[in-house]
S.K.: 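Sharing a structure, written as structure tokens. Questions coming.
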Number of protein chains: 2
Amino acid sequence: MSVGRSAPPQRTLPVLADVARLSGVSEITVSRVIRNKGPISAKTRERVLHAVAETGYVPNRLAGALASADSMLVGVVLPSVTNIVFADVLRGIHEALAPSGYQPVVGVTGYDADEEERVVRSLLAWQPAAIILAGFEHTDGTRRMLAASRIRVAEIMDIDATPIDVAVGLSHRSAGRDIARYLLSRGYRRFGYVGHDWDSDHRARLRFEGLVDELSAQGLGVVAERRIAGPSSTLAGRETLAGLLATGERPDVVVFSNDDMAVGGYFHCLAAGLEPRRDVGLFGFNGLEIGAALPLRLSTVRSNRFLIGKLAAEALVARPDRPDDTAIINTGYEIEAGETA
Amino acid sequence: MSVGRSAPPQRTLPVLADVARLSGVSEITVSRVIRNKGPISAKTRERVLHAVAETGYVPNRLAGALASADSMLVGVVLPSVTNIVFADVLRGIHEALAPSGYQPVVGVTGYDADEEERVVRSLLAWQPAAIILAGFEHTDGTRRMLAASRIRVAEIMDIDATPIDVAVGLSHRSAGRDIARYLLSRGYRRFGYVGHDWDSDHRARLRFEGLVDELSAQGLGVVAERRIAGPSSTLAGRETLAGLLATGERPDVVVFSNDDMAVGGYFHCLAAGLEPRRDVGLFGFNGLEIGAALPLRLSTVRSNRFLIGKLAAEALVARPDRPDDTAIINTGYEIEAGETA
DNA sequence: TCGACAAATGACAGCGCTGTCATTAGTGAA
DNA sequence: TTCACTAATGACAGCGCTGTCATTTGTCGA
């Protein structure tokens with residue numbers, strides 16, 4: 001049991017010394033057995049593992065990480081955990097890290113760059129081996145900390161800018177272009193757009209810009225457009241499409257900033273007696289499961305969120321030191337034809 | 001810069017000693033300034049903070065936590081991060097902890113008790129001040145570790161059993177009873193049930209049992225019931241209701257194990273030309289936003305997930321030592337009438 | 001049996017910070 | 001000016017483990 005300086009009266013958990021005493025070897029040998037590092041005789045290993053079980057010893061990662069200068073932690077900084085997009089990313093991160101011994105530590109920024117700086121500072125205090133950030137938009141303070149720390153950095157979701165270290169995601173600008181091309185090939189000519197706050201979702205803006213670029217190249221444009229100031233949601237999508245169609249403009253297809261909004265648009269059509277595709281095409285982004293469960297499967301782009309999280313985490317732990325040059329891992333996207341456009 | 005034993009050649013981050021040298025005070029004074037602990041003269045504080053900014057010093061929480069026997073970490077063990085229910089809980093936890101200095105560390109169990117044991121062991125190695133677990137079902141190994149650690153433990157989501165320390169949630173058995181009472185008061189008499197895997201969702205089973213108990217007390221029962229072996233999803237709900245109704249049984253209302261399943265049931269009705277409530281009532285559980293965005297708002301029970309997470313985290317950090325007696329914090333639930341039942 | 005080599009184990013120092021008690025500096029009253 | 005008390009600061013030891021080098025033990029071949 002740990003005794004020493006007059007710490008507050010608290011739990012007396014077994015430490016290495018207790019296991020060492022019981023198994024008749026030194027602390028460092030016990031440590032070697034537990035970490036499975038270096039040569040250990042089978043006999044010693046058995047005695048130590050028996051003593052571990054008997055004492056109920058749990059390693060102290062604080063001490064181990066401090067002594068070894070390797071916390072085995074990976075910081076994960078996400079705008080939101082309730083947005084299924086990032087929840088899928090987090091699932092990919094967890095799955096990639098589970099066999100590696102690395103542990104994710106999650107901070108939430110609420111889509112705010114100043115909050116991201118605070119979260120990053122707080123996470124860096126834990127000396128993580130790596131950190132995962134969403135997007136490329138950071139404060140100068142955040143950038144300075146990341147530069148000073150020299151740890152691996154993955155910027156995820158987007159690959160349309162130069163990363164600090166490695167970027168993992170898809171080109172949202174290209175996705176916007178491909179959406180336009182695809183819908184044009186389906187015969188649509190009058191485009192509407194329903195979106196949400198671009199300040200917090202830069203990637204939605206990039207997709208819109210790609211869409212507009214491609215339409216422009218074909219001598220077309222967006223005939224009706226409406227964006228809300230807040231976050232995306234199904235209800236917001238429903239209401240915003242209602243508002244857009246109430247203007248009298250008659251787009252033959254409406255591109256939504258994401259699937260949440262598009263599902264809401266679908267609900268508006270149900271309530272307004274419009275049939276998706278026959279009366280107006282609906283097109284989302286992300287390829288969420290709920291879109292596939294609709295009576296008419298939502299037409300959308302599948303972004304590989306799980307894969308983004310998984311590949312980002314794998315890239316970081318595969319090489320602990322930061323390379324001199326930057327890298328981009330393109331997880332791509334797929335048009336999901338569906339039945340609404 | 002930190003120099004000492006021959007650690008691997010790596011980043012040389014500033015430590016307390018660097019700040020101390022630059023500001024002309026001792027390390028412990030620098031530490032006091034940063035932690036805002038004990039008496040500090042304004043002049044000294046200013047010199048230290050200036051040196052901190054100049055060196056870019058980031059505290060090392062590994063060292064601080066080890067030395068102070070207080071990691072300021074809270075372990076959070078969740079079955080899933082993609083299930084919006086737990087994502088909302090996590091949001092509540094993050095919000096409660098943000099002003100407290102405590103940092104959540106999340107592990108994911110995939111609804112598996114053995115995996116929960118592994119995650120708990122892994123989290124305990126970080127000496128968290130407290131831990132949050134979902135539900136009451138743990139392995140003996142998990143229980144032994146939690147008993148030995150003496151840290152605060154919140155078991156969340158359910159209050160229908162005796163907790164290790166504190167339970168935060170609602171009574172699912174009561175909710176099932178109240179659902180039955182409510183629907184009976186609406187005139188429904190022929191009950192159907194569509195559910196998902198009870199092995200991973202014990203609380204769905206409790207609600208079902210409460211429902212059946214109350215119906216039984218009124219001389220009634222469930223006339224048609226179908227459960228799938230896997231997790232809940234909108235698509236599963238859609239398909240399972242289709243299968244249930246194809247049996248020829250004609251329930252006048254169908255209770256679903258949760259909103260995901262109920263929304264899927266709604267989609268089946270749309271595709272099958274059935275009108276919710278007029279042709280068959282639909283009743284969910286959880287009060288998710290997507291249910292409220294449907295053309296006809298889903299009838300459901302609102303479980304206060306955010307509040308569960310928030311109150312659990314607050315309870316844990318409010319008192320660091322584990323009380324001798326257990327406690328239950330009932331976050332309650334509300335019937336949301338909606339328009340489908 | 002002895003010597004060489006490899007396997008196994010241990011001693012030492014220290015990772016970066018903080019609890020605790022000791023010391024110093026500052027302030028106010030007589 | 002001196003003394004008493006409080007505020008401010010510092011020295012010391014150690015939290016629990018691990019990197020590194022030294023020492024011991026075991027094995028095999030001559």
Side-chain angles (χ1 to χ4, degrees), chain A residues 1-21 23-48 52 55 57-72 101 124-127, chain B residues 1-21 23-48 52 55 57-72 101 124-127:
Chain A
M1 311 307 145
S2 173
V3 291
R5 75 185 183 185
S6 56
Q10 57 180 97
R11 56 192 185 266
T12 51
L13 292 173
V15 294
L16 277 188
D18 303 312
V19 180
R21 197 177 310 120
S23 51
V25 297
S26 71
E27 294 174 35
I28 179 60
T29 298
V30 174
S31 178
R32 283 205 194 93
V33 171
I34 285 163
R35 289 177 289 137
N36 201 28
K37 180 153 190 180
I40 313 279
S41 79
K43 200 170 97 164
T44 299
R45 182 184 302 272
E46 193 179 312
R47 279 162 46 204
V48 168
V52 166
T55 54
Y57 171 77
V58 173
N60 185 324
R61 284 304 302 146
L62 299 173
L66 180 61
S68 67
D70 187 0
S71 68
M72 301 294 286
L124 287 184
W126 288 102
Q127 319 290 308
Chain B
M1 313 304 144
S2 173
V3 291
R5 74 184 187 187
S6 58
Q10 58 178 101
R11 56 189 184 268
T12 49
L13 292 174
V15 295
L16 278 189
D18 303 313
V19 181
R21 198 176 312 124
S23 51
V25 298
S26 71
E27 294 174 35
I28 179 58
T29 297
V30 174
S31 176
R32 283 206 194 93
V33 170
I34 286 163
R35 289 177 292 137
N36 200 28
K37 181 153 193 183
I40 314 279
S41 79
K43 199 169 104 172
T44 299
R45 182 186 301 272
E46 194 180 312
R47 279 164 42 206
V48 168
V52 166
T55 55
Y57 171 77
V58 173
N60 185 325
R61 285 303 303 146
L62 298 174
L66 179 61
S68 66
D70 188 359
S71 69
M72 300 295 283
L124 287 183
W126 288 101
Q127 320 291 307

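Sequence lines set the chain letters: A, B, ... in the order given, protein chains first and strands last, and positions in each chain run from 1. Computed from a predicted structure; not experimentally measured.
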S.K.: Considering only heavy atoms from C-beta outward, does the side chain of B/V33 approach that of B/V52 to under 4.5 Å?
M.R.: no
S.K.: Who are the side-chain contact (heavy atoms from CB on, under 4.5 Å) partners of A/V25, not counting sequence neighbours?
M.R.: A/S23, A/T29, A/V30, A/T44, A/R47, A/V48
S.K.: So, for B/V19 and B/Y57, which heavy atoms are closest and what is the spacing to 0.1 Å?
M.R.: CG2-CB, 3.6 Å
S.K.: Give me the atom names and distance for the closest heavy-atom approach of A/S26 to A/A20.
M.R.: C-CB, 3.8 Å
S.K.: Heavy atoms only: give me the nearest A/G64-A/S68 pair and the separation to one decimal.
M.R.: O-OG, 2.7 Å
S.K.: Could you report the tightest heavy-atom contact between A/S71 and A/A65, atom names first, then the distance?
M.R.: CA-CB, 3.4 Å
S.K.: Estimate the overall bend of the helix from C/dT1-D/dA30 to C/dA30-D/dT1 from the end axes over five pairs each, rounded to 10 degrees.
M.R.: 30°
S.K.: Whole-Å distance between D/dG16 C1' and A/D18 CG?
M.R.: 11 Å
S.K.: Using the side-chain contact (heavy atoms from CB on, under 4.5 Å) criterion, which residues pair with B/K37? Sequence neighbours excluded.
M.R.: B/R35
S.K.: Rounded to whole angstrom units, what separation is found between the CG atom of B/N60 and the P atom of C/dT18?
M.R.: 9 Å
S.K.: Write down the distance between CG (B/L62) and P (D/dT18), rounded to a whole number of angstrom.
M.R.: 13 Å
S.K.: Are side-chain heavy atoms of A/N60 and B/L66 found at a separation under 4.5 Å?
M.R.: yes
S.K.: Under 3.5 Å, which N/O atoms of the protein pair with N/O atoms of nucleotides 7-12 of chain C?
M.R.:
unit_1	atom_1	unit_2	atom_2	d
C/dT9	OP1	A/S41	OG	3.1
C/dT9	OP1	A/T44	OG1	2.2
C/dT9	OP2	A/S41	N	3.2
C/dG10	OP2	A/S26	N	2.8
C/dG10	OP2	A/S26	OG	2.8
C/dG10	OP2	A/T29	OG1	2.5
C/dG10	N7	A/R32	NH2	3.4
C/dG10	O6	A/R32	NH2	2.6

S.K.: Does the side chain of B/V58 come within less than 4.5 Å of A/W126's, by heavy atoms?
M.R.: no
S.K.: Rounded to the nearest 0.5 Å, how far apart are CD of A/E27 and CZ of A/R21?
M.R.: 8.5 Å
S.K.: Rounded to the nearest Å, what distance is computed from the CG atom of residue A/N36 to the P atom of nucleotide D/dT18?
M.R.: 13 Å
S.K.: Please give, in whole Å, the distance from D/dC15 C1' to A/L13 CG?
M.R.: 13 Å
S.K.: Between protein and nucleotides 23-27 of chain C, what N or O pairs are separated by less than 3.5 Å?
M.R.:
none

S.K.: Whole angstrom is fine here: how far is it from CD in A/Q127 over to P in C/dG16?
M.R.: 8 Å
S.K.: Can you check the B/L66 CG to C/dT18 C1' distance for me, whole Å?
M.R.: 10 Å
S.K.: Round to a whole Å and report the spacing from CE of A/M72 to P of C/dC15.
M.R.: 22 Å
S.K.: Over all heavy atoms of both residues, which pair between A/S31 and A/L16 is shortest? Give the atoms and the distance, please.
M.R.: CB-CD1, 3.9 Å
